[in-house]
Number of protein chains: 2
Amino acid sequence: MKRASIKDIAEKAGVSIALVSYVLNDKFVNRINKETAKKIKEIAAELNYKPNKIAQSLKSNKTNTIALLVADIANPFTSQVARIIEDETSKRGYMLLIGSSDENEEKLKQLIDLFQKRQVDGFIIAPVENSESIINNLVETKAPVVLIDRPIDNMEIDSIVTNNFEISYQAVNYLINKGKKNIAIFSYKKNLENLKNRVEGYKKALKDSKIYLDSEKIIYIEESKTQSEVYKAIDELNLMTTDALFFTSNKLAIAALKKLSTLDIKIPEELALVTFDESEAFDIFRVPLTHIKQPIKKISKKAVELLIEKIENTNLLQQQIVYNSEIIIGKSV
Amino acid sequence: MKRASIKDIAEKAGVSIALVSYVLNDKFVNRINKETAKKIKEIAAELNYKPNKIAQSLKSNKTNTIALLVADIANPFTSQVARIIEDETSKRGYMLLIGSSDENEEKLKQLIDLFQKRQVDGFIIAPVENSESIINNLVETKAPVVLIDRPIDNMEIDSIVTNNFEISYQAVNYLINKGKKNIAIFSYKKNLENLKNRVEGYKKALKDSKIYLDSEKIIYIEESKTQSEVYKAIDELNLMTTDALFFTSNKLAIAALKKLSTLDIKIPEELALVTFDESEAFDIFRVPLTHIKQPIKKISKKAVELLIEKIENTNLLQQQIVYNSEIIIGKSV
DNA sequence: CTGAAAGCGCTTACAG
DNA sequence: CTGAAAGCGCTTACAG
């Protein structure tokens, strides 16, 4: 049995489809016969009528749909963001479609293409490496776009990110103030502004404290081999001289914790740990981890707010918004 | 500037929209003038034409879209499932829409309603408590539906689940064989078949080994207060007499590990641990956790396969498929 | 080899 | 107070 359409209701009620449409959308209520309206509504309920959004969208040229393109939906940071964005969009009458680019620019491109064909009203994107031109092409089609998490330099585009440089600077300073002098940093071998800024914050902190910057202590991991390369790096680090590790991502920290939990090292006395972002694992490690907590809620909410403003009201000025992270003190320093 | 439509291309090429449609869809290639076809394709590329899927869907009455309704997208088990299902659906030319019901039947109902209005072609659902009638209503609209993870008793519906009863029986037997006799089980205060079957497996194992079933050792947690109630339960359990804990969900285990990592108890000597499902946290605990690994990949793939079969080929027989889990031996027993 | 026309399920300006 | 008609962007059976 086919789904009921407005036409079925019209026939059954002996009225025109226009009238059915008006009644079901509560339009011109004041000049439609109350009896007729009531009858139409009853028949609609009886037939379990559900408006076909596809048809509505074709007419209105609006799908009330927003695409969220993340780099990796399996990352707990990302899934938290997705959760909040979903709440926000649905509160505002939009539906969220989620795509995961798996840190792959080609997949990002395909997703954008797919979502455009499906006529999404706007995009919230956490760009991947080397995706500048893809994003640029999208923006040129006049599609509303807001970037989160990962800024792109020198691009006229709305973005909402955290203070990656400053908070990393503060975190490393915190380590220094606790007497740590041989601080290694783990990051990804990736051309991403947010990661680069975190490393720069680290460097600046050392420099300002006149600590020698040993390039061997800046460890760049190949993302696809996170686990094995982190293991190897820890093996090769001289843990007798290294007294602190700073991780620019929770995935890196998790990999390191797996390794460290097999070693006999006193934390934080012999080795202090600080990481970006959170994970359930951090509370279960020998000592709870000191970590940098991004204002996920603020970032996510603002992204939705800004995007919907842009959708409903073109020609707004570009905004680059920065919300500050905070350092959550655990017992690993 | 508006997006280019088939009509724009037709005008620019001086042909009919029908011809444009045929060319872009590679239909009747053998009887369309090669030159004309080439010209049309060039103009389409030049105008950056992207077919409007909304219009296509209205015509074809098919959206090539599948809804996945999970209970909690933040659960690592769920996000893994979502990831694999997404891969499978996109491989087969479908797009996945994800909705999270947050274990709330009212929200599940709203999501179903929303997705139906958006004309999804089918549903994969992990039902929440008390959602039998909601699911039933959906099935009665002839919508293709496949259940995963959580079976519903006495319902004619396709489902793909794991052997909850048997694997729990085996896991508890494993504890018993290791000499454990005072085994407590943690589960949720929820009317869900999968959880009930896990508890039944536990009971049967004790019974078959003629171990007295102490009802105080069956601990039902209120999900919204998982952390605090698990803490309280562990405080109240006599850990001198209890020698093993069995968790029916990873969330329960995580909550317990947080508590246990603050206590001075030898694991597994004084207390053994086994849990359902996985978490990054399990590798980082003092000892890696022995846990039950569900065949997520098999379940997810089959769910997509079955659903698409049902979409493209109505009147298939109902299938209730069970895939076996396995016990992953860690060092917590 | 190509085009005119109907129709998918809606909305809405207009006429009466 | 109500309805006929156009149109959103496509596809496709049919005619020529």
Side-chain angles (χ1 to χ4, degrees), chain A residues 1-41 43-44 47-65 114 116-121 141, chain B residues 1-41 43-44 47-65 114 116-121 141:
Chain A
M1 186 196 57
K2 241 181 76 247
R3 299 250 315 262
S5 77
I6 216 174
K7 197 173 154 199
D8 300 320
I9 300 173
E11 274 169 15
K12 196 147 182 190
V15 298
S16 71
I17 59 163
L19 197 53
V20 175
S21 174
Y22 292 142
V23 168
L24 297 182
N25 291 302
D26 287 322
K27 288 213 167 139
F28 310 126
V29 268
N30 46 341
R31 55 176 163 90
I32 290 174
N33 186 305
K34 294 251 188 314
E35 288 299 310
T36 321
K38 198 177 155 218
K39 188 169 152 200
I40 289 173
K41 286 192 174 180
I43 294 175
L47 296 179
N48 190 24
Y49 171 73
K50 293 188 203 278
N52 182 329
K53 293 253 176 201
I54 296 288
Q56 289 178 333
S57 294
L58 185 59
K59 193 79 191 52
S60 66
N61 201 24
K62 188 137 189 308
T63 55
N64 276 275
T65 275
L114 192 66
Q116 282 202 300
K117 288 177 184 164
R118 291 191 188 263
Q119 315 293 120
V120 298
D121 295 334
T141 68
Chain B
M1 186 195 60
K2 242 181 77 245
R3 300 254 311 266
S5 77
I6 216 173
K7 199 173 151 199
D8 300 321
I9 300 173
E11 275 170 14
K12 195 147 183 190
V15 298
S16 71
I17 58 164
L19 196 54
V20 175
S21 173
Y22 293 141
V23 169
L24 297 182
N25 290 303
D26 286 323
K27 288 210 170 142
F28 311 126
V29 269
N30 46 340
R31 54 176 162 91
I32 289 174
N33 185 305
K34 293 252 187 313
E35 289 298 311
T36 320
K38 199 177 156 217
K39 187 169 153 203
I40 289 173
K41 287 192 172 177
I43 293 176
L47 296 179
N48 191 23
Y49 171 74
K50 293 187 203 279
N52 182 330
K53 292 253 176 200
I54 296 289
Q56 289 178 331
S57 293
L58 184 60
K59 194 78 189 53
S60 65
N61 200 25
K62 189 140 188 306
T63 55
N64 276 276
T65 275
L114 191 66
Q116 282 202 301
K117 288 176 184 165
R118 292 190 187 263
Q119 316 293 118
V120 298
D121 295 333
T141 69

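Letters go in sequence order (proteins before strands), and every chain restarts at 1. Atom set for the values below is all heavy atoms of this structure, side chains included, hydrogens, waters and symmetry mates excluded.
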Rounded distance in Å - [atom1] ([X]) to [atom2] ([N]):
{"X": "L19(B)", "N": "dG3(C)", "atom1": "CG", "atom2": "P", "result": "6 Å"}
{"X": "N25(B)", "N": "dC10(D)", "atom1": "CG", "atom2": "C1'", "result": "9 Å"}
{"X": "L24(A)", "N": "dT12(C)", "atom1": "CG", "atom2": "C1'", "result": "15 Å"}
{"X": "I17(A)", "N": "dT11(C)", "atom1": "CD1", "atom2": "P", "result": "9 Å"}
{"X": "K34(B)", "N": "dT2(C)", "atom1": "NZ", "atom2": "P", "result": "11 Å"}
{"X": "N33(B)", "N": "dG3(C)", "atom1": "CG", "atom2": "C1'", "result": "15 Å"}
{"X": "I32(A)", "N": "dT11(C)", "atom1": "CD1", "atom2": "C1'", "result": "13 Å"}
{"X": "K62(A)", "N": "dT11(C)", "atom1": "NZ", "atom2": "P", "result": "15 Å"}

For [X], answer base if it contacts any base atom (sugar-phosphate contacts may also be present), sugar-phosphate if it contacts only those atoms, and nothing otherwise; contact means non-hydrogen atoms under 4.0 Å.
{"X": "D8(B)", "value": "nothing"}
{"X": "N61(A)", "value": "nothing"}
{"X": "S21(A)", "value": "base"}

*Could I get the full list of side chain to side chain contact (heavy atoms under 4.5 Å, CB included) partners for D8(A), not counting sequence neighbours?*
A4(A), S5(A), L47(A)

*Applying side chain to side chain contact (heavy atoms under 4.5 Å, CB included), name anything that partners K53(A), two or more places apart in sequence or on another chain.*
Q56(A), K117(B), R118(B)

When rounded to the nearest 0.5 angstrom, what is the spacing between [atom1] in [X] and [atom2] in [Y]?
{"X": "D121(B)", "Y": "S57(B)", "atom1": "CG", "atom2": "OG", "value": "8.0 Å"}
{"X": "N61(B)", "Y": "N52(A)", "atom1": "CG", "atom2": "CG", "value": "7.5 Å"}
{"X": "Y49(A)", "Y": "I43(A)", "atom1": "OH", "atom2": "CD1", "value": "13.5 Å"}
{"X": "I40(A)", "Y": "K12(A)", "atom1": "CD1", "atom2": "NZ", "value": "13.5 Å"}

Report all interatomic pairs (protein N or O, nucleotide N or O of nucleotides 13-15 of chain C) with separations under 3.5 Å.
residue, atom, partner, partner atom, Å
dA13(C), N6, Y22(A), OH, 2.4

*Please list, by residue number, the residues of residues 51-60 of chain B whose heavy atoms come closer than 4.0 Å to an atom of DNA chain C; answer none if no residue qualifies.*
L58(B), K59(B)

_Stepwise side chain to side chain contact (heavy atoms under 4.5 Å, CB included) check, K38(A) with K34(A)_ = CA-CA 6 Å; K38(A) 198 177 155 218; K34(A) 294 251 188 314; over 6 Å; no

Hey, can you pull the donor-acceptor pairs under 3.5 Å for the side chains in residues 18-25 of chain B, sequence neighbours left out?
residue, atom, partner, partner atom, Å
S21(B), OG, N25(B), ND2, 3.4
N25(B), ND2, S21(B), O, 2.9

*Among the candidates dT11(D), dG3(D), dC10(D), find the nucleotide nearest to the side-chain atoms of S16(A).*
dG3(D)

*Looking at dT2(D), dT12(C), dC1(C), which one has an atom nearest to any side-chain atom of K27(A)?*
dT12(C)

Side-chain touch [X]/[Y], heavy atoms, less than 4.5 angstrom:
{"X": "I54(A)", "Y": "K59(B)", "result": "no"}
{"X": "Q119(B)", "Y": "T65(B)", "result": "no"}
{"X": "E35(A)", "Y": "K39(A)", "result": "no"}

*asked:* Atom NZ of residue position K7(B) - does it have more than 12 heavy atoms of other residues, nucleotides or ligands inside 6.0 Å?
replied: no

*asked:* Taking 4.0 Å as the cut-off, does a side-chain nitrogen or oxygen of K7(B) come that near to OP1 or OP2 on dC10(D)?
replied: no

*asked:* In dot-bracket form, 5' to 3', how is DNA chain D paired? Count Watson-Crick and G-U wobble pairs only if both distances fall under 3.5 Å, and write | where the partner sits on another strand.
replied: |||.||||||||.|||

